[in-house]
Undergrad: 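I have a structure I would like to understand better, so I am pasting it below and will then ask my questions one at a time.
Per chain, numbering begins at 1; letters A, B, ... match sequence-line order.
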Amino acid sequence: MQESHYQELENKILKDLREKLQKFKSMGINPYPNRYRITHRIGEITEKYKDEFNEEKLKEAGHLSLAGRIMSLRFHGKISFAHIKDQTGKIQIYVSKEKLGENFYNNLFKKLDVGDIVGAKGTLFRTKTGELTLDVDELNLLSKILRPLPEKWHGLKDVETRYRQRYLDLIMNNHVKEVFITRSRIIDCIRNFLKNRGFIEVETPMMQPIPGGANARPFITHHNALDIDLYLRIAPELYLKRLVVGGFDRVFEIGKCFRNEGISSQHNPEFTMVEFYMAYADYRDLMQLTEELLSNMVREIKGSYTIEYQGKTINFTPPFKKISFHEALIEIGKIPKEVVEDKIKLKEFARNLEIDVSKIEKKGKLLAEIFEKTVEDKLIDPTIVYDFPKDISPLAKSREDNPEIVERFELFIAGREIANAYTELNDPDDQRDRFLKQLEERRKGDEEAHMMDEDYIVALEYGLPPTAGEGIGIDRLTMILTDSPSVRDVILFPTLRPEQK
RNA sequence: GGGCCGGUAGCUCAGUCGGUAGAGCAACGGCCUUUUAAGCCGUUGGUCCCAGGUUCGACCCCUGGCCGGCUCACCA
């Protein structure tokens, strides 16, 4: 580390910046002062005065103190222009030798670099071209940049640098900031929506002795003092339902889940979900709730029920399309009816779709694989697919009129699963049987099959009311609302292989 | 893990048939009192991802590796 740092200083640009730092210090200027008071954030000012062209009115704004990072710098003899930017916006500043004094102007101001963070005090005016500008009478260096920013016009494009040094991406690429602002608003919408309906927000363990609530391979970690292995949660589900048993009959949690699986443009090992559970409701109620949540959210954030995603138009106007899993296979997947109902023919059909059927025994699993291949990518507008096979849904309750089908739905948008919901299985004996069947799958080599969780069954024995629960993937939802093709574009610091030299 | 594409200055990118590397921006010096991709004059800046090989000679061709992107597989 030391050596590479030393080598980097051989680079002239870095050396020049270091020399400036030394020069400032020798002039008695602290390049990293402890504090600076601002009177306004930049966006407040630009918003308030964006239509004000009367010089007197602009003066009435008074003596302002603003601060931000220098994004452009145009020296023009005895005067100069620069733009400074903070989280809320950017504003031009006008700096003259006349106001700052020759010594300050020549020896400090002119040595500043794009990327330095400064505080500027002054009054507002409009330039010849009409741009709102701060006429600076006092300027302070607040933080000296020691590495050059990426090029101003093309910005930072290198994808790896954008992810590894996300701060550079945020500084240089404005739309990236918008993506994460939208992500924050999505979470606000969900939180407000649920709280308004009487849900309480809770936090349950991310480190669990038995990872449950989904079919996935977990990460393992170790607690030294207890000398036990723990798993990073793959879902909060079983803990949230314990809380419903405890009387928190409307709960939700927004947080990370971790699945030890491949990385792709649709999958990051850690991702964010909201899960919520509502007692005295069933999956039909959640369909309606989901429609309201998402359509309201899209209208609030995008200003319309209709959005563009990767060139496709997606319409969130409620009610959403609804189709049963069985019908979807036949009508959308174009699977002949007699095939869907015959396990032997199904296997043959799956083989022709290049699905590896060697490890698949359950009919439900076959149907699910075929569904993924033939139906999923055709569900562009929000579509609720309901009534799933029982053997791929170990935590969902069977229909009262058909024990092989569970009361479960998934919501698909833009060909991707966004939400998964069901009427919760609250019969402890049934749950134990389902876990036992999952254990059997595990023994046969399915590492994603559910583990037995006796504690959870004990909780059910104390009585879980009729409850419906749902999980919504925040990352994928954000992708759709920000027109992002990759999940890495909506995760600030996506999982990457560590850099090695 | 397979396939395809890529890695050249701080950034964005060129680089012809194999003849020892270029532009713009940034940086540095100078001029400039309303600019905004400011402008003009001048200067600097390179482990061409790494290691081998072929060759008189490799950014270029070959082999292996590292890193990344897309995609398929795996997987919500």
Undergrad: With distance as the sole criterion, do the side chain of A:H154 and the base of B:C11 form a donor-acceptor contact below 3.5 Å?
TA: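 There is none.
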
Undergrad: Taking only the C1' atom of each, what is the distance from B:A9 to B:U47 in whole angstrom?
TA: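 My reading of the C1' atoms in B:A9 and B:U47 gives 13 Å.
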
Undergrad: For B:C28, does either OP1 or OP2 sit under 4.0 Å from a side-chain N or O belonging to A:K20?
TA: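 Yes, such a contact exists.
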
Undergrad: Please verify the inter-ring angle class for A:F109 with A:F75; under 30° counts as parallel, over 60° as perpendicular, anything in between as tilted.
TA: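 Because their plane-to-plane angle is over 60°, the rings of A:F109 and A:F75 count as perpendicular.
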
Undergrad: Would you say A:R147 reaches B:C11's phosphate, i.e. side-chain N/O to OP1/OP2 under 4.0 Å?
TA: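 No.
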
Undergrad: Does any N or O donor sit under 3.5 Å from an N or O acceptor when you compare the side chain of A:E98 with the base of B:U33?
TA: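 No, the side chain and the base share no sub-3.5 Å donor-acceptor pair.
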
Undergrad: Run the salt-bridge test on A:K437 and A:D391 with the 4.0 Å N-O cut-off and return the result as yes or no.
TA: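 The answer is no: the pair does not qualify as a salt bridge.
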
Undergrad: Across all strands shown, which nucleotide pairs with B:C48 by Watson-Crick or G-U wobble geometry, both distances under 3.5 Å?
TA: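 For B:C48, the partner nucleotide comes out as none, under the 3.5 Å rule.
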
Undergrad: Looking only at side-chain N and O atoms, does A:R164 come under 4.0 Å of OP1 or OP2 in B:G68?
TA: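 Yes, A:R164 has a side-chain N/O under 4.0 Å of OP1/OP2 on B:G68.
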
Undergrad: Which whole number of Å gives the distance between the C1' atom of B:C49 and that of B:C60?
TA: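 To the nearest whole Å, 15 Å.
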
Undergrad: Please determine whether any donor N or O and acceptor N or O are separated by less than 3.5 Å between the side chain of A:S96 and the base of B:U33.
TA: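 By the distance-only test, no, there is no pair.
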
Undergrad: Once you apply a heavy-atom cut-off of 4.0 Å, does A:K373 come out as touching a base, just sugar-phosphate, or nothing?
TA: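 A:K373: backbone/sugar contact only, no base atoms under 4.0 Å.
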
Undergrad: Give a yes/no answer on whether the side chain of A:R259 brings an N or O atom under 4.0 Å of OP1 or OP2 in B:C74.
TA: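 Negative; the distance criterion is not met.
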
Undergrad: Between A:T161 and B:C11, is there a contact of a side-chain N or O with OP1 or OP2 at under 4.0 Å?
TA: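 Indeed not, no polar side-chain atom of A:T161 lies that close.
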
Undergrad: Look at A:K78 and B:U33 and indicate whether a side-chain polar atom (N or O) is within less than 4.0 Å of OP1 or OP2.
TA: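 Answer is yes, contact under 4.0 Å.
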
Undergrad: Does B:A9 pair with anything, Watson-Crick or G-U wobble, both distances under 3.5 Å, and if so, with which nucleotide?
TA: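 For B:A9, the partner nucleotide comes out as none, under the 3.5 Å rule.
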
Undergrad: Less than 4.0 angstrom between a side-chain N/O of A:R476 and OP1 or OP2 of B:A76, yes or no?
TA: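 Answer no for this pair, as no side-chain N or O of A:R476 is under 4.0 Å from OP1 or OP2.
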
Undergrad: Evaluate the ring planes of A:F325 and A:F371, with Trp represented by its six-membered ring, and classify them as parallel (under 30°), tilted (30 to 60°) or perpendicular (over 60°).
TA: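 Taking A:F371 first and then A:F325, their aromatic rings lie parallel (interplane angle under 30°).
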
Undergrad: Rounding to an integer number of Å, can you tell me how far A:R126 CZ sits from B:U35 C1'?
TA: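 Nearest whole value for this atom pair: 16 Å.
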
Undergrad: Using a heavy-atom cut-off of under 4.0 Å over every strand shown, decide if A:A82 touches base, sugar-phosphate, or nothing.
TA: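 The residue A:A82 makes no contact with any strand.
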
